[in-house]
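Along the sequence shown, residues carry numbers from 1.
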Amino acid sequence: MELFDLALIWAFIIGFGIIMYVLMDGFDLGVGLLFPFAPSEDDRDTMMNSVAPVWDGNETWLVLGGAGLLAAFPMVYTIVLPALYIGVFLLLAGLIFRGVAFEFRFKARTSRYLWNWSFAGGSTIAAFAQGAVVGAYIQGFNTVDGVYVGGALDWLTPFTILTGLGMLAGYALLGSTWLIMKTEGHLQAWAYRITTPLLIAVLVVFGIISVWTPFVDDTVRERWFSNLSVIWILPAVTLLCAFQIWRSVRNRFEGMPFVATMGLFITTYLGLVVSKWPYVVPPNYTLWDAASAYESQLFLLLGLLFVIPIVLVYTAWTYWVFRGKVRAGEGYH
């Protein structure tokens with residue numbers, strides 16, 4: 001097997017890990033984003049209990065993707081991490097802070113309101129940082145001879161702020177459709193009411209990003225407009241998913257809004273991959289430029305072939321065990 005093939009395999013594995021993290025950790029971040037707006041404190045208990053059995057396991061995919069990226073494409077860490085130190089720090093700090101708030105809130109009494117805001121704040125910071133990091137990746141990085149030469153705040157621009165806001169809206173939509181699927185009664189009715197406005201916000205922000213992106217990256221503009229006969233399929237499927245969300249909410253379906261929202265995220269992610277392929281450090285370095293030694297990739301790949309099936313099995317088992325509705329007064333703490 002040649003290095004070329006290993007780089008492609010690793011790209012698929014890391015890409016799979018990233019989209020799994022976005023989908024599976026996205027809805028519990030979305031629940032955190034919606035936390036301050038919940039109708040009552042009892043509803044906040046139910047919202048938190050809906051993600052309590054799975055939220056920490058979902059972040060396994062973030063660790064898997066990050067570790068795989070370091071092993072297979074070390075140049076990404078060499079260039080991207082210095083460029084995104086502040087953004088990545090905010091991301092990790094938000095995840096850590098919301099994790100602490102998640103556990104402490106259930107034990108607190110008089111200070112519970114502080115942990116409510118901590119949980120919501122950590123979720124907001126983590127979600128916004130993820131979106132800003134994606135925007136910085138679309139912009140590309142200023143490098144010379146494989147070394148990042150830009151400033152510490154080059155990642156924070158009007159474009160990346162917009163992508164950060166887009167991620168907030170998208171995760172909130174995932175959170176509301178998750179609550180539709182997992183709750184009932186007045187909390188579910190509230191989730192139904194906020195889903196359509198959130199969907200409109202997602203479509204507006206993502207539409208602006210789509211119009212803006214070709215002006216940010218010349219390569220993306222050339223690729224989009226020279227392949228319109230194929231590229232149009234992804235936005236068409238995205239709009240179809242959006243229509244399905246709207247239709248499902250209107251008809252009071254419970255599972256379909258969440259499934260269609262995941263479809264919306266997948267098509268958006270595929271659009272990003274198609275736009276930037278095969279660059280892992282845009283605009284200069286491809287998969288094969290950034291790849292580690294053949295022996296290193298092969299050694300670690302053999303380990304992952306055992307780890308990934310185990311992760312998939314225990315993840316599926318967890319969701320199966322805790323399937324069904326979460327009702328007020330019921331929980332796992």
Side-chain angles (χ1 to χ4, degrees), residues 22-55 58 98 102 105 116-117 119-121 123-124 126-128 130-131 165-207 235 237-269 319-320 322-332:
V22 168
L23 293 176
M24 301 180 72
D25 203 43
F27 67 80
D28 65 68
L29 282 170
V31 168
L33 293 174
L34 298 174
F35 219 59
F37 311 103
S40 69
E41 193 67 19
D42 289 339
D43 291 325
R44 293 188 184 94
D45 290 340
T46 304
M47 291 167 67
M48 189 166 274
N49 282 324
S50 74
V51 298
V54 297
W55 75 272
N58 291 340
R98 72 186 294 272
F102 198 104
R105 181 185 177 277
N116 286 343
W117 284 106
F119 182 63
S123 300
T124 302
F128 177 81
Q130 286 182 31
L165 295 176
M167 191 65 81
L168 289 175
Y171 279 169
L173 180 62
L174 266 177
S176 69
T177 54
W178 169 261
L179 292 175
I180 288 173
M181 184 173 65
K182 295 293 289 183
T183 64
E184 58 186 10
H186 70 277
L187 179 56
Q188 185 189 58
W190 174 74
Y192 273 122
R193 286 197 303 272
I194 65 174
T195 295
T196 299
L198 287 172
L199 175 62
I200 293 172
V202 168
L203 292 178
V204 169
V205 175
F206 277 41
V237 175
T238 300
L239 291 176
L240 182 62
C241 290
F243 172 76
Q244 186 61 40
I245 296 169
W246 174 80
R247 177 177 174 273
S248 300
V249 169
R250 186 177 182 183
N251 292 312
R252 289 299 191 263
F253 297 153
E254 294 190 337
M256 184 54 67
F258 184 68
V259 173
T261 303
M262 289 196 296
L264 190 150
F265 267 82
I266 290 171
T267 55
T268 303
Y269 177 74
Y319 279 88
W320 173 256
F322 294 101
R323 68 192 183 278
K325 297 288 186 179
V326 178
R327 296 176 176 84
E330 298 178 351
Y332 312 107

Nearest 0.5 Å, what's the [atom1]-[atom2] distance between [X] and [Y]?
| X | Y | atom1 | atom2 | result |
| --- | --- | --- | --- | --- |
| Arg193 | Ile180 | CZ | CD1 | 11.0 Å |
| Leu173 | Ile245 | CG | CD1 | 5.0 Å |
| Tyr319 | Met24 | OH | CE | 3.5 Å |
| Ile200 | Thr195 | CD1 | OG1 | 11.0 Å |
| Trp246 | Asn251 | CH2 | CG | 8.0 Å |
| Met167 | Leu165 | CE | CG | 11.5 Å |

Query raised in the report: Has Arg247 got more than 12 heavy atoms of other residues, nucleotides or ligands less than 6.0 Å from its CZ?
Result: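 Check fails, neighbour count at 12 or below.
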
Report task. Mind telling me whether Phe27 and Phe258 have parallel, tilted or perpendicular rings, with 30° and 60° as the class edges? Result ->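 Because their plane-to-plane angle is over 60°, the rings of Phe258 and Phe27 count as perpendicular.
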
Query raised in the report: Angle class for the Phe265/Tyr171 ring planes (parallel below 30°, perpendicular above 60°, tilted otherwise)?
Result: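 Answer is parallel, since the angle falls under 30°.
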
Are side-chain heavy atoms of [X] and [Y] found at a separation under 4.5 Å?
| X | Y | answer |
| --- | --- | --- |
| Trp178 | Val31 | yes |
| Phe253 | Met181 | no |
| Met256 | Val249 | no |
| Phe206 | Thr238 | no |
| Met48 | Phe35 | yes |
| Asn116 | Glu41 | yes |
| Gln244 | Leu264 | no |
| Leu198 | Leu34 | yes |

Which heavy atom of [X] sits nearest a heavy atom of [Y], and at what distance?
| X | Y | answer |
| --- | --- | --- |
| Pro36 | Arg44 | O-NH2, 3.4 Å |
| Phe322 | Lys182 | O-NZ, 2.9 Å |
| Ala38 | Asp43 | CB-CB, 4.5 Å |
| Leu199 | Ala242 | CD2-O, 3.5 Å |
| Ala191 | Ser176 | CB-O, 3.6 Å |
| Leu33 | Ala172 | CD1-N, 3.9 Å |

Query raised in the report: Is it true that a side-chain atom of Lys325 and a backbone atom of Thr183 form a donor plus acceptor pair closer than 3.5 Å?
Result: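 At least one qualifying donor-acceptor pair exists.
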
Query raised in the report: Can you name the one residue among Leu187, Asp45, Leu179 that meets side chain to side chain contact (heavy atoms under 4.5 Å, CB included) with Ser50?
Result: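 Answer after filtering Leu187, Asp45, Leu179: Leu179.
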
Query raised in the report: Can you check side-chain contact (heavy atoms from CB on, under 4.5 Å) on Val22 and Leu174, steps first, answer last?
Result: CA-CA 10 Å; Val22 168; Leu174 266 177; 5.6 Å; no

Query raised in the report: So Glu254 and Gln188, side-chain contact (heavy atoms from CB on, under 4.5 Å) or not? Walk me through it.
Result: CA-CA 9 Å; Glu254 294 190 337; Gln188 185 189 58; 2.9 Å; yes

Requested in this report: Run the numbers on Leu29 and Arg98 for side-chain contact (heavy atoms from CB on, under 4.5 Å), then give the verdict.
Outcome: CA-CA 9 Å; Leu29 282 170; Arg98 72 186 294 272; 3.4 Å; yes

